[in-house]
Amino acid sequence: MILEIDKSKCVGCGNCHAICPMGAISLDADGKSVVNQDECVECSTCYRVLRDEGYWPPFVKAVRSVLTFLHLQYLAAVDVCPTGALTPPDLEYPRSLRAAFSDPTVVHAGTGVGGRGTEEIKTNDVTGRLREGDAGIVVELGRPGTGARFRDVEKVAMALAPLEPQFEPFNPVTQLMVDTETGKMREEILDEKVLSAIIEVKTRLEKIPDYLETLRAIQDETDAVFSVGIASKCLPDGSIPHEKWVREAGYTLSPNGKTNLGLGRPLFREDGR
Amino acid sequence: MTNTLHRQGAVDGLSEDYVIFVTMARDINRDGSAPKIHEFLRICQKHNPVNIGSSKMGTVLQDDVSFQGLVTGLKDGSTSAAVFTDLDTLKKVLAELIEADLGISINVSGLLEGVQECCHSNGIERHSVEHSLGFWGSRDRLPERDVLEINTLCGHGMVSFSLIRKMMEQVKMRRLTPREAAEIMGRCCECAVFNTTRAEHLLEKVLET
């Protein structure tokens, strides 16, 4: 069962239209809200955020009719579903991937991680995922707030594949690839739409310009928006190895970013001690 | 939480936006981590974060989530976060976390120079850093700058462009205060990384236009 709006309860207030990150809910010809199932990414934001006021639908309609007749307006709260018309989904594969990649409360089965399903540098102090000389590149398709289909994800993954990246094995997008040599993904998932999905690769610092050039070229061939992040393990003095390579390639680094403080234990040691 | 990487805005706005969060590593330190996460949240709460919560339990901005409920309900591996609006407080939080020696990975998203300063003032050196290289591809699909700044306060994209515009309208029409509108938007962000104070300040600018 996919996310639905119970038409016997819906009073067409429209609160769920604005809440929906994909703009997938609209008013139907009968004056009740309807979900565009092709565009819905099953994030359940509408269901989670809109408080169910639990009113009896005929009562709400009657009150509205009276107010309309009297030319009065009722200023309704914007974060409620007055009649609890939203029905949560119970999904089957491959549609279940929509929720896994869009609803941050859902944990990815393959990695055991919620959100977009990857630890990336957040646990680098204990995993050693990125070591001296490594660069981590994350390409998040659909972010910010626009969504993407796995067809777009595959297109970017296949463009990067000739550079011989190491697609991160504990990443849910990698786990959906049928071939990590080519970046090809499972055929049955290509039309599934998600809020965002992260391609995560590990490479060497000196290859950063090649990756950025490839991404620059592919960006004109995709309908999706994507966010790019780049990470590395700091040198003992705290300097950031990837900065030099990004700047030399002609790109600008954000003033803000994410810092792993190195407080995890046991601390990963490259010398194995 | 790549979720917090791409927060947009000028340095002025970003200087009131620091997210501190814990992440546990599978097969390394996830098992038995619940008491450590509990302690992390307790330390953060002492310093009055503008938002606090866990992706598995939600944010304290939500009606059905209390701080006590959050702490008692969380389980091993629950990624948890708190948001602070100034470096001085972040320094104090960090000092206590170092003292507590929780042994779980702690990350901070924010202005990198400021976070580095916090590390040095507490006698540690940062381990790894991730930068954003911004938005690529079909950028014509992106909304106006002020909407984008609020939207990226929840990187999972739970705060829709249309809700942000609606909140701006409601604030302009004086139907909601900037604070009320910021809290409604903050309830959409399950991971509790939405900075309600920064959103409030961005909405106050709407009133000036």
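Nothing here was measured: the structure is a model prediction, and the numbers come from that model. In what follows, chains are A, B, ... by sequence order, proteins preceding strands, each numbered from 1.
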Honestly, the part of B:I104 sitting under 4.5 Å from a heavy atom of chain A is backbone
Within the structure provided, determine whether A:H17 and B:S162 are in side-chain contact (heavy-atom separation under 4.5 Å). no
Cut-off 4.5 Å, heavy atoms of chain B, and the answer for A:L215 is both
Interface moiety of A:R51 toward chain B, non-hydrogen atoms closer than 4.5 Å: side chain
Honestly, the part of A:T45 sitting under 4.5 Å from a heavy atom of chain B is side chain
Name the region of B:L102, side chain, backbone, both or neither, that has any atom closer than 4.5 Å to a heavy atom of chain A. neither
The reported gap from OG in B:S105 to CG in A:N260 (rounded to nearest 0.5 angstrom) is 5.5 Å
Which atoms of B:F161 approach chain A - backbone, side chain, both or neither, heavy atom under 4.5 Å: side chain
Can you tell which part of A:Y251 gets under 4.5 Å to a heavy atom of chain B, answering side chain, backbone, both or neither? side chain
Which portion of B:Q170 sits near chain A, non-hydrogen atoms under 4.5 angstrom: side chain
Pick one of side chain, backbone, both or neither for A:L141, based on which atoms fall under 4.5 Å of a heavy atom in chain B. neither
Heavy-atom pair with the smallest gap, counting every atom of B:F135 and A:R143: CD2-O, 4.3 Å
B:N151 (side chain) donor-acceptor with A:P144 (main chain) under 3.5 angstrom: no
Largest heavy-atom contact set with chain A, pairs under 4.5 Å, which of B:G110, B:A25, B:S128, B:G9: B:S128
With a 4.5 angstrom heavy-atom cut-off, which part of B:E125 approaches chain A: side chain, backbone, both or neither? both
Scanning both residues in full, the closest heavy-atom pair of B:G157 with A:P21 reads O-CB, 3.3 Å
For the interface with chain A, which of B:V11, B:D63, B:L148 has the highest count of heavy-atom pairs at distances below 4.5 Å? B:D63
Bottom line for B:M167: the part with an atom under 4.5 Å from chain A's heavy atoms is side chain
For A:E243, which atoms come within 4.5 Å of any heavy atom of chain B: side chain, backbone, both, or neither? side chain
If one checks every heavy atom of A:P241 against chain B at 4.5 Å, the contacting part turns out to be neither
Sole candidate of A:L130, A:N124, A:L261 that passes side-chain contact (heavy atoms from CB on, under 4.5 Å) when paired with B:H127: A:N124
So A:H242 and B:H131, would you call those rings parallel, tilted or perpendicular, with 30° and 60° as cut-offs? perpendicular
Heavy-atom pairs under 4.5 Å with chain A are the metric here; pick the option from B:R187, B:K166, B:R141 that has the most. B:R141
Least distance between heavy atoms, A:G257 atom then B:L112 atom: N-CG, 3.7 Å
Check whether A:V107 gets within reach of chain B through its side chain, its backbone, both or neither, counting any heavy atom under 4.5 Å. side chain
Side chain, backbone, both or neither of B:V115 within contact of chain A (heavy atoms, under 4.5 Å): side chain
Should we count CD of A:E53 as having more than 12 external heavy atoms under 6.0 Å? yes
Region of B:I164 in contact with chain A, defined by heavy-atom distances below 4.5 Å: neither
If I take atom CD from residue B:E130 and atom CD1 from residue A:I121, how far apart are they, to the nearest 0.5 angstrom? 5.0 Å
Can you find a pair of side-chain heavy atoms, one from A:L253 and one from B:L133, that are under 4.5 Å apart? yes
